[in-house]
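One-based numbering along the sequence shown. Scope of the values below: all heavy atoms of this structure, side chains included, with no hydrogens, waters or symmetry mates.
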Amino acid sequence: KIINQLKAEWSKPRKANHNNEETIQEFACDFSDEVADFSAGYPLKIPNDLKEFWLNAKEANLFFDVNYGQWGLYIMSPEEALLTTEREKADRPNDNENEELVIGNFLGDSDKLLIDCSLESAGRITISRPIDERKDWPIAANSFTEFLTCYMEKEGEKFWE
């Protein structure tokens with residue numbers, strides 16, 4: 001439902017409303033036509049809402065700045081998410097927890113979108129900031145669906161800041 005709404009409203013570039021003002025840049029959302037294939041399995045228990053997203057679009061650019069490329073969120077494919085997660089854990093072993101998965105990159109900065117795949121968290125979304133300590137990373141939502149809904153309602157604005 002969220003993917004269809006984003007496609008309908010944001011497939012063509014347009015200005016967004018951030019902080020109650022129209023942006024100078026134009027933003028769009030773009031979804032791959034390819035879908036994920038989990039037939040070979042996956043090393044983590046992926047929350048159902050993220051899995052459903054990947055089964056509809058293997059990767060996506062959400063609210064990306066079509067003119068300068070300095071804003072937006074790239075949702076990685078499952079394969080890229082695993083590789084990026086392994087790299088992040090190797091680079092910052094004390095900051096990355098075992099059952100977290102890096103699933104997105106914010107364009108224009110080094111922040112990353114993490115989802116907790118442990119059963120207790122129900123898919124909590126955290127924003128990893130390389131210049132901050134782990135304890136200072138904001139929790140953006142309690143699920144991937146909640147995150148996407150808020151991100152869509154705020155037209156790509158970083159609502160957790």
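Atom CD1 of residue I103 and atom CG of residue L113 lie 4.5 Å apart, to the nearest 0.5 angstrom. Taken to the nearest 0.5 Å, the CD1 atom of I115 stands 9.5 Å off from the OG1 atom of T126. The line from CG of N67 to CD1 of I24 is 11.0 Å long, rounded to the nearest 0.5 Å. From E153, atom CD reaches atom CD of E155 across 10.0 Å, with rounding to the nearest 0.5 Å. Between C29 atom SG and I3 atom CD1 the span is 10.5 Å, to the nearest 0.5 Å. In this structure, CD1 on I125 lies 8.5 Å from CG on L114, to the nearest 0.5 angstrom.
For D132, the side-chain contact (heavy atoms from CB on, under 4.5 Å) partners two or more places apart in sequence, or in a different chain, are R129, D136, W137. Remark: F38 pairs with Y42 by the ring-ring contact (aromatic ring centres under 6.0 Å, His included) rule, at least two apart or across chains. With sequence neighbours excluded, the residues satisfying ring-ring contact (aromatic ring centres under 6.0 Å, His included) with F147 are Y151, F159, W160. With sequence neighbours excluded, the residues forming a side-chain hydrogen bond (donor to acceptor under 3.5 Å, both in side chains) with S39 are D37, listed by chain and number. Partners of T84 under the side-chain hydrogen bond (donor to acceptor under 3.5 Å, both in side chains) rule, at least two apart in sequence or in another chain, are R87. By the side-chain contact (heavy atoms from CB on, under 4.5 Å) test, A28 is found to be paired with P13, F64, V66, residues two or more places apart in sequence or in another chain being considered. With sequence neighbours excluded, the residues forming a side-chain contact (heavy atoms from CB on, under 4.5 Å) with D109 are F106, D111, K158, listed by chain and number. Every side-chain hydrogen bond (donor to acceptor under 3.5 Å, both in side chains) that N105 has, sequence neighbours left out, goes to K112. Under the side-chain hydrogen bond (donor to acceptor under 3.5 Å, both in side chains) criterion, Q5 pairs with E9, not counting sequence neighbours.
A heavy-atom distance below 4.5 Å is not found between the side chains of I2 and F53. Taking the side chain as every heavy atom from C-beta outward, F31 and L62 approach each other to under 4.5 Å.
Across every non-hydrogen atom of G123 and P47, the tightest pair is CA-CG, 3.8 Å. Closest non-hydrogen pair, A36 versus L55, comes out as O-CD2, 3.5 Å.
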With side chain to side chain contact (heavy atoms under 4.5 Å, CB included) as the test, would you mind laying out the steps for R124 and I139 before giving the verdict?
CA-CA 7 Å; R124 181 183 59 238; I139 294 173; 3.6 Å; yes
Please evaluate residues R134 and E100 with respect to the criterion salt bridge (Lys or Arg N to Asp or Glu O under 4.0 Å), reporting the C-alpha separation (whole Å), side-chain torsions for both, the decisive distance (0.1 Å), and the verdict.
CA-CA 13 Å; R134 169 73 194 215; E100 282 182 327; 2.7 Å; yes
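The side chain to side chain donor-acceptor pair (under 3.5 Å) pairs that include a residue from residues 15-36 are E34-K58, where partners are two or more places apart or lie in different chains. Within the structure, side chain to side chain donor-acceptor pair (under 3.5 Å) pairs that include any residue of residues 44-54 comprise D49-T145 (at least two apart or interchain).
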Donor-acceptor pairs are to be reported for all side-chain atoms of residues 70-77 against protein atoms at under 3.5 Å, with residues two or more places apart or in another chain.
unit_1	atom_1	unit_2	atom_2	d
W71	NE1	G156	O	3.0
Y74	OH	E59	OE1	2.6
Y74	OH	E80	OE1	2.6
S77	OG	E79	OE1	3.3
S77	OG	E80	N	3.1

